[in-house]
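Report on the following structure.
In what follows, every chain begins at residue 1, and chains take the letters A, B, ... in the order their sequences are listed. Since this is a predicted model, take the numbers as computed values, not measurements.
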There are 2 protein chains.
Amino acid sequence: MKRDSRLSGVLHVLLHMAQQPGPFTSETLATAMDTNPVVIRRIMAGLRDLGYVRSEKGHGGGWMLACDLSKVTLRDVYTALGSPSLLAMGNRTEAPGCLVEQAVNAALDQAFADAEALLLARLGEVTLAMLGEDMRKRLGSRRIHDIGAHRA
Amino acid sequence: MKRDSRLSGVLHVLLHMAQQPGPFTSETLATAMDTNPVVIRRIMAGLRDLGYVRSEKGHGGGWMLACDLSKVTLRDVYTALGSPSLLAMGNRTEAPGCLVEQAVNAALDQAFADAEALLLARLGEVTLAMLGEDMRKRLGSRRIHDIGAHRA
DNA sequence: TTTCATGTAACTTTATATGTTGCGTGATGC
DNA sequence: GCATCACGCAACATATAAAGTTACATGAAA
């Protein structure tokens, strides 16, 4: 299956926004992410509805952070995306009237549920602020490029 | 994304085969699984290569179990399918020259790896024999339908 | 009122699982 | 030998969902 990269993408956007003040246009963010402005608006819509970011129209408008980065976890961001399914595998059918199917589904569902719960828990342990910290640690001698200079 | 149901499907087939002796044609199994014979051959190919099942051509041919069900785990079956990706989410890009990307990927990769490891471990704990046992427990007053009678 | 930027719908593209057709190969039974 | 059965496999078709694109409306700033 084609893997969903929206979470990775939106985190990238948020972290970039945390590096500089001003509002960012979808155009600017899209260029930095090597994608399309509409895609940016699409994945940001959920975050806006939950109040993690704000958007303004017209001259000088664009996207701004509107939350305390130390209070928003990766799980929150995932939820803001609409909680897309985490696992690539699922059961063949629902409503099994077949005992074989019931036994298979029970075993798989248990394993899947455990893995999903662990993943959500892990995502819930990491805040955006922690990601920012990790990034600064990686700095060393290197300088974080400005968004405008993202594409050398 | 469209969820991969091959593991669920092949387990279903194996458990059904464990209920009755004779060889099963792809046609028969496909009817029971409400799918196409070629799909059956496709997902069984990996199991055959690893020796979990055997196939024979011609009159009286078909698929037969060729392993000790108590020695084959769900993880083994998963591996026989070619170890398709378990998670529906992935990183936006590889080869990140961007610190933001590195930090995001590091956090996500860690969470993803943990979840994947747990899932594989869980699958490794369950043998096909255990699934068969579970199924028998579910029997109660009900009778396991023969494959031929699968579609009422 | 012109320009800029978001909001959104509709459409196209791409990737992957799944379904289907056709033909080759080997084994069985006559 | 030859017809039939069943797998092996390639090639093509379909379905679904993410990602990309186009078009236009709305609202804010200059």
Just distance, no hydrogens or angles: give the donor-acceptor pairs under 3.5 Å from side chains in residues 111-119 of chain A, sequence neighbours left out.
{"unit_1": "A:Asp114", "atom_1": "OD1", "unit_2": "A:Gln110", "atom_2": "NE2", "d": "3.0"}
{"unit_1": "A:Asp114", "atom_1": "OD2", "unit_2": "B:Arg122", "atom_2": "NE", "d": "2.6"}
{"unit_1": "A:Asp114", "atom_1": "OD2", "unit_2": "B:Arg122", "atom_2": "NH2", "d": "3.4"}

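- In this structure, of D:dG20, C:dG19, D:dA18, it is C:dG19 that holds the atom nearest to the side chain of B:Thr35.
- Following rounding to the nearest Å, A:Glu27 (CD) and D:dG20 (P) show an atom-to-atom distance of 14 Å.
- Separating the CG atom in A:Leu14 from the CE atom in A:Met44 is a distance of 5.5 Å, to the nearest 0.5 Å.
- At whole-Å resolution of the value, CG in A:Asp4 and C1' in D:dA17 are 9 Å apart.
- The distance between atom CZ of B:Arg92 and atom P of C:dT14, rounded to the nearest whole Å, is 19 Å.
- As rounded to whole Å, 12 Å separates atom P of D:dG8 from atom CG of B:Leu47.
- Side-chain polar atoms of A:Thr28 and A:Thr25 form a donor-acceptor pair below 3.5 angstrom.
- Nearest-nucleotide mapping onto DNA chain D: of A:Ser5 and B:Trp63, the residue sitting toward the 5' end is B:Trp63.
- Here the nucleotide nearest the side chain of A:Asn36, chosen from D:dT4, C:dA17, D:dT22, is D:dT22.
- For B:Ala80, the side chain to side chain contact (heavy atoms under 4.5 Å, CB included) criterion is met by B:Leu47, B:Leu50, B:Tyr52, not counting sequence neighbours.
- In this structure, B:Asp34 atom CG and C:dG19 atom P are separated by 8 Å, rounded to whole Å.
- Here D:dA17 presents its P atom at 16 Å from CG of A:Leu86, a figure rounded to the nearest Å.
- With contacts defined as side-chain heavy-atom distances shorter than 4.5 Å, the pair B:Leu128/B:Leu11 qualifies.
- Remark: the backbone N or O of B:Ser85 is not paired with any side-chain donor or acceptor of A:Arg3 at under 3.5 angstrom.
- Residue A:Arg136 holds its CZ atom at 10.5 Å from CG of A:Leu131, rounded to the nearest 0.5 Å.
- Closest to the side chain of B:Arg48, from the set D:dC7, D:dA28, D:dA18, is D:dC7.
- Among C:dT18, C:dG19, C:dT6, the nucleotide with an atom closest to any side-chain atom of A:Thr25 is C:dT6.
- For the pair B:Thr35 and B:Leu29, the minimum side-chain heavy-atom distance is 4.5 Å or more.
- Residue B:Ser26 places at least one side-chain N or O under 4.0 Å from the OP1 or OP2 atom of D:dC7.
- In this structure, the CG atom of B:Leu29 is 12 Å from the P atom of D:dG8, given to the nearest Å.
- Shown for residues 51-58 of chain B: residues whose heavy atoms fall under 4.0 angstrom of DNA chain C, namely B:Lys57, B:Gly58.
- Residues from residues 37-46 of chain A placing a heavy atom under 4.0 Å of any atom in DNA chain D, listed by number, are A:Val38, A:Val39, A:Arg42.
- Across the protein-nucleic acid pair, A:Met89 atom CE and C:dT16 atom C1' stand 13 Å apart, rounded to whole Å.
- Within the 4.0 angstrom heavy-atom criterion, no nucleotide atom of any strand lies near B:Gly60.
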Throw together a table of side-chain donor-acceptor distances under 3.5 angstrom for residues 56-78 of chain B, partners on residues two or more places apart or in other chains.
{"unit_1": "B:Glu56", "atom_1": "OE2", "unit_2": "B:Arg54", "atom_2": "NH1", "d": "3.1"}
{"unit_1": "B:Trp63", "atom_1": "NE1", "unit_2": "B:Ser26", "atom_2": "OG", "d": "2.9"}
{"unit_1": "B:Asp68", "atom_1": "OD1", "unit_2": "B:Ser70", "atom_2": "N", "d": "2.9"}
{"unit_1": "B:Asp68", "atom_1": "OD1", "unit_2": "B:Ser70", "atom_2": "OG", "d": "2.7"}
{"unit_1": "B:Asp68", "atom_1": "OD2", "unit_2": "B:Ser70", "atom_2": "OG", "d": "3.3"}
{"unit_1": "B:Asp68", "atom_1": "OD2", "unit_2": "B:Lys71", "atom_2": "NZ", "d": "3.3"}
{"unit_1": "B:Thr73", "atom_1": "OG1", "unit_2": "B:Arg75", "atom_2": "N", "d": "3.3"}
{"unit_1": "B:Thr73", "atom_1": "OG1", "unit_2": "B:Asp76", "atom_2": "N", "d": "3.1"}
{"unit_1": "B:Thr73", "atom_1": "OG1", "unit_2": "B:Asp76", "atom_2": "OD2", "d": "3.2"}
{"unit_1": "B:Asp76", "atom_1": "OD2", "unit_2": "B:Thr73", "atom_2": "N", "d": "2.9"}
{"unit_1": "B:Tyr78", "atom_1": "OH", "unit_2": "B:Ser83", "atom_2": "O", "d": "3.4"}
{"unit_1": "B:Tyr78", "atom_1": "OH", "unit_2": "B:Pro84", "atom_2": "O", "d": "2.5"}

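- Listed by chain and number, the hydrophobic cluster partners of B:Val39 come to none, as no ILVMFWY side chain reaches under 4.5 Å of it.
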